[in-house]
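A quick write-up on the structure given underneath.
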Amino acid sequence: QVQLVQSGGGSVQAGGSLRLSCAVFGYSYSSYFMGWFRQAPGKEREGVAVIDRDGSTSYADSVKGRFTISQDNAKNTLYLQMNSLKPEDTAMYYCAADPRVIIWVGLKRPPGEYNYWGQGTQVTVSS
C-alpha cells in the first residue's frame, strides 16, 4: 500500500524558514514523479515544486529562488525547504506522487494526475 506521511510546517514570521518532509512507503521511490502542492482557503490547489524521475525540478514563479525541492533516496523522503517566507505562502501544503508517464511534465502535470497524496500540513506566515 502506497503511503505518504508528511511532517514539518507550522507558524513563522515573514522572512523565516521552514522545511517540510514527506516520507514515502510502499513503493520504489525513484520510480515516481513527486511534487509539492499548496492550497489556500478559497483557492485552487496549485503546484509549488515538482521533481521528475530523472531528477529535474520545476518551481512556480512565486517561489523560485526561495524554495528548494530535494529528495533523499536512502531515506525515501522528499523535502521542501522554504526560505524568505511571505504571508502569501500561507496555505495547506501537500506532497504528491504518481508513477505514470503522461503527456504533461513538470508543473504542467495537473494535481488530478497524482494518485497519491500526503495528509497535508499547515504553513502560516505572519507579517
Side-chain angles (χ1 to χ4, degrees):
Q1 183 177 355
V2 177
Q3 202 173 10
L4 280 64
V5 179
Q6 294 181 225
S7 60
S11 297
V12 67
Q13 288 191 326
S17 298
L18 288 172
R19 188 176 81 159
L20 306 182
S21 299
C22 175
V24 299
F25 304 94
Y27 63 86
S28 175
Y29 178 84
S30 61
S31 66
Y32 276 59
F33 298 89
M34 304 285 298
W36 289 98
F37 294 78
R38 67 186 180 187
Q39 189 166 17
K43 294 188 176 182
E44 291 187 354
R45 190 167 297 190
E46 64 173 356
V48 175
V50 298
I51 186 164
D52 285 341
R53 296 190 306 184
D54 63 0
S56 58
T57 57
S58 303
Y59 295 91
D61 288 343
S62 58
V63 306
K64 278 181 184 176
R66 301 188 298 121
F67 290 13
T68 302
I69 188 171
S70 63
Q71 56 191 12
D72 185 332
N73 289 339
K75 294 182 178 180
N76 270 16
T77 301
L78 181 74
Y79 301 100
L80 184 68
Q81 178 65 43
M82 304 183 292
N83 299 329
S84 302
L85 282 161
K86 304 175 180 181
E88 50 264 43
D89 294 318
T90 296
M92 186 72 78
Y93 283 71
Y94 300 89
C95 61
D98 197 276
R100 298 168 299 156
V101 177
I102 58 176
I103 59 172
W104 298 286
V105 296
L107 280 171
K108 293 182 179 179
R109 186 180 188 129
E113 294 297 334
Y114 286 85
N115 274 332
Y116 305 104
W117 291 85
Q119 79 275 21
T121 186
Q122 179 67 37
V123 170
T124 302
V125 185
S126 58
S127 57

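Hydrogens, waters and symmetry mates play no part in the numbers below; they use all other heavy atoms, side chains included.
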Hey, what do you get for [atom1] ([X]) to [atom2] ([Y]), rounding to the nearest 0.5 Å?
X: Glu113; Y: Ile103; atom1: CD; atom2: CD1; answer: 8.5 Å
X: Gln122; Y: Gln6; atom1: CD; atom2: CD; answer: 11.5 Å
X: Ser11; Y: Leu85; atom1: OG; atom2: CG; answer: 11.0 Å
X: Arg19; Y: Tyr79; atom1: CZ; atom2: OH; answer: 5.0 Å
X: Leu80; Y: Met34; atom1: CG; atom2: CE; answer: 11.5 Å
X: Ile69; Y: Leu78; atom1: CD1; atom2: CG; answer: 4.5 Å

Between Trp117 and Phe37, is the ring centroid distance below 6.0 Å?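 Trp117 vs Phe37: aromatic centres under 6.0 Å.
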Side-chain H-bond candidate by donor/acceptor type, Asp72 with Thr77, under 3.5 Å: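 Per modelled atom types, Asp72 and Thr77 side chains form no pair under 3.5 Å.
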Pick from Thr68, Val50, Val48: which one makes a side chain to side chain contact (heavy atoms under 4.5 Å, CB included) with Tyr59?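 Between Tyr59 and the candidates, side chain to side chain contact (heavy atoms under 4.5 Å, CB included) is satisfied uniquely by Thr68.
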Could you check whether any side-chain N or O of [X] sits under 3.5 Å from a backbone N or O of [Y], counting only pairs where one atom can act as donor and the other as acceptor?
X: Trp36; Y: Ala96; value: no
X: Thr121; Y: Gly8; value: yes
X: Thr90; Y: Val125; value: yes

Looking only at non-hydrogen atoms, find the nearest pair between [X] and [Y] and report the distance.
X: Ser17; Y: Asn83; value: OG-OD1, 2.9 Å
X: Arg38; Y: Ser62; value: NH2-OG, 3.4 Å
X: Ala14; Y: Ser127; value: CB-CA, 4.3 Å
X: Gly9; Y: Val123; value: CA-CG2, 4.1 Å
X: Gly47; Y: Ala60; value: O-CB, 3.5 Å
X: Gly106; Y: Ser58; value: CA-OG, 3.8 Å

Given the rule in the side chain to side chain contact (heavy atoms under 4.5 Å, CB included) test, do Tyr93 and Met82 qualify, once you have shown the distances and angles that lead to the verdict? CA-CA 12 Å; Tyr93 283 71; Met82 304 183 292; 3.9 Å; yes
Ionic contact status for Asp89 with Lys86, cut-off 4.0 Å: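 So Lys86 does not pair with Asp89 through a salt bridge.
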Worked verdict on Tyr32 versus Asn115 for side chain to side chain contact (heavy atoms under 4.5 Å, CB included): CA-CA 11 Å; Tyr32 276 59; Asn115 274 332; over 6 Å; no
Could you tell me whether the side chain of Phe33 reaches within less than 4.5 Å of the side chain of Ile102, counting heavy atoms only?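 No. Closest side-chain heavy atoms not under 4.5 Å.
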Note, Gln81 side chain near Leu20 side chain (heavy atom, < 4.5 Å):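 The answer is no, as the side chains (C-beta and beyond) never meet within the 4.5 Å cut-off.
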Checking Arg45 against Tyr94: charged group under 6.0 Å from the ring centre and within 45 degrees of the axis?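 Flagged: Arg45 positioned over aromatic ring of Tyr94.
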Does NZ or CZ of Arg109 lie under 6.0 Å from the centre of the six-membered ring of Tyr114, at an angle within 45° of the ring axis?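 Here Arg109 passes the 6.0 Å and 45° test against Tyr114.
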